[in-house]
Amino acid sequence: MLNAEVISGETMLDLEVSSGFGCDLISDSLCFSRPECLLITGLTNIQIIRVADMIEARAIMFVRGKKPGQEIIRLAEEKKLPLLVTNRFLFESCGLLYQHGLRSS
């Protein structure tokens, strides 16, 4: 539905997410997201992996075609956190996922 490319964690794509959370602010991700969510963001720095680990996200979907560097991919693999990327914008990605049944955190 999002034409996403799997960057890492191909073997973990059967994990279920309880909700979705779209945000480009680390502070909002920490305050408002819920465990077991799909974190949808355009942030591709190392902190987003640490945030995802802290909030117990199940996976990260990077939007706008942004791909993280190798250091970020390695840390995500250590944390067993699947990474995906879509060329769609954040608003569109969240809307499509919501339209297909994924609710917000």
Side-chain heavy atoms of Cys37 within contact of Ile55, under 4.5 Å: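 Answer yes - side chains close enough.
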
Side chain proximity check, Ile40 to Phe21, heavy atoms < 4.5 angstrom: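 Heavy-atom side-chain distance check fails, nothing below 4.5 Å.
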
Nearest heavy-atom neighbours spanning Leu90 and Gly22: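 Of all heavy-atom pairs spanning Leu90 and Gly22, the closest is CD1-CA, 3.9 Å.
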
Smallest separation among heavy atoms of Leu84 and Ala59, with atom names: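 It is CD1-CB, 4.4 Å.
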
Cluster link [X] to [Y], ILVMFWY, side chain under 4.5 Å:
{"X": "Leu30", "Y": "Ile46", "result": "yes"}
{"X": "Leu13", "Y": "Met1", "result": "yes"}
{"X": "Leu38", "Y": "Met12", "result": "no"}

With Asn87 via side chain to side chain contact (heavy atoms under 4.5 Å, CB included) - residues at least two apart: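 Residues passing side chain to side chain contact (heavy atoms under 4.5 Å, CB included) with Asn87: none at all.
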
Contacts of type side chain to side chain contact (heavy atoms under 4.5 Å, CB included), residue Leu2, not counting sequence neighbours: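 Checked Leu2 against side chain to side chain contact (heavy atoms under 4.5 Å, CB included); matches are Met61, Thr86, Arg88, Ser93, Leu96, Leu97.
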
Worked check of side chain to side chain contact (heavy atoms under 4.5 Å, CB included) between Thr44 and Phe62: CA-CA 7 Å; Thr44 58; Phe62 295 107; 3.7 Å; yes

Under 3.5 Å donor-acceptor pairs involving side-chain atoms of residues 69-82, not counting sequence neighbours:
from	atom 1	to	atom 2	distance (Å)
Lys79	NZ	Asp53	OD2	3.3

Can you tell me how far [atom2] of [Y] sits from [atom1] of [X], rounded to the nearest 0.5 angstrom?
{"X": "Met54", "Y": "Ile49", "atom1": "CE", "atom2": "CD1", "value": "13.5 Å"}
{"X": "Cys23", "Y": "Leu43", "atom1": "SG", "atom2": "CG", "value": "7.5 Å"}
{"X": "Ser19", "Y": "Tyr98", "atom1": "OG", "atom2": "OH", "value": "12.5 Å"}
{"X": "Leu39", "Y": "Thr41", "atom1": "CG", "atom2": "OG1", "value": "5.5 Å"}

Listed once per pair and sorted, the salt bridge (Lys or Arg N to Asp or Glu O under 4.0 Å) pairs that draw on residues 3-17, sequence neighbours left out: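 Output for this query lists Glu5-Lys67.
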
Pairs flagged by salt bridge (Lys or Arg N to Asp or Glu O under 4.0 Å) wherever residues 36-49 is involved - sequence neighbours left out: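 Listed once each, the pairs are Glu36-Arg58.
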
Residues in side chain to side chain donor-acceptor pair (under 3.5 Å) contact with Ser29, at least two apart in sequence or another chain: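 Per chain and number, Ser29 pairs via side chain to side chain donor-acceptor pair (under 3.5 Å) with no residue.
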
N/O donor-acceptor pair under 3.5 Å between Asp24 side chain and Gly42 backbone: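 Answer holds: yes.
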
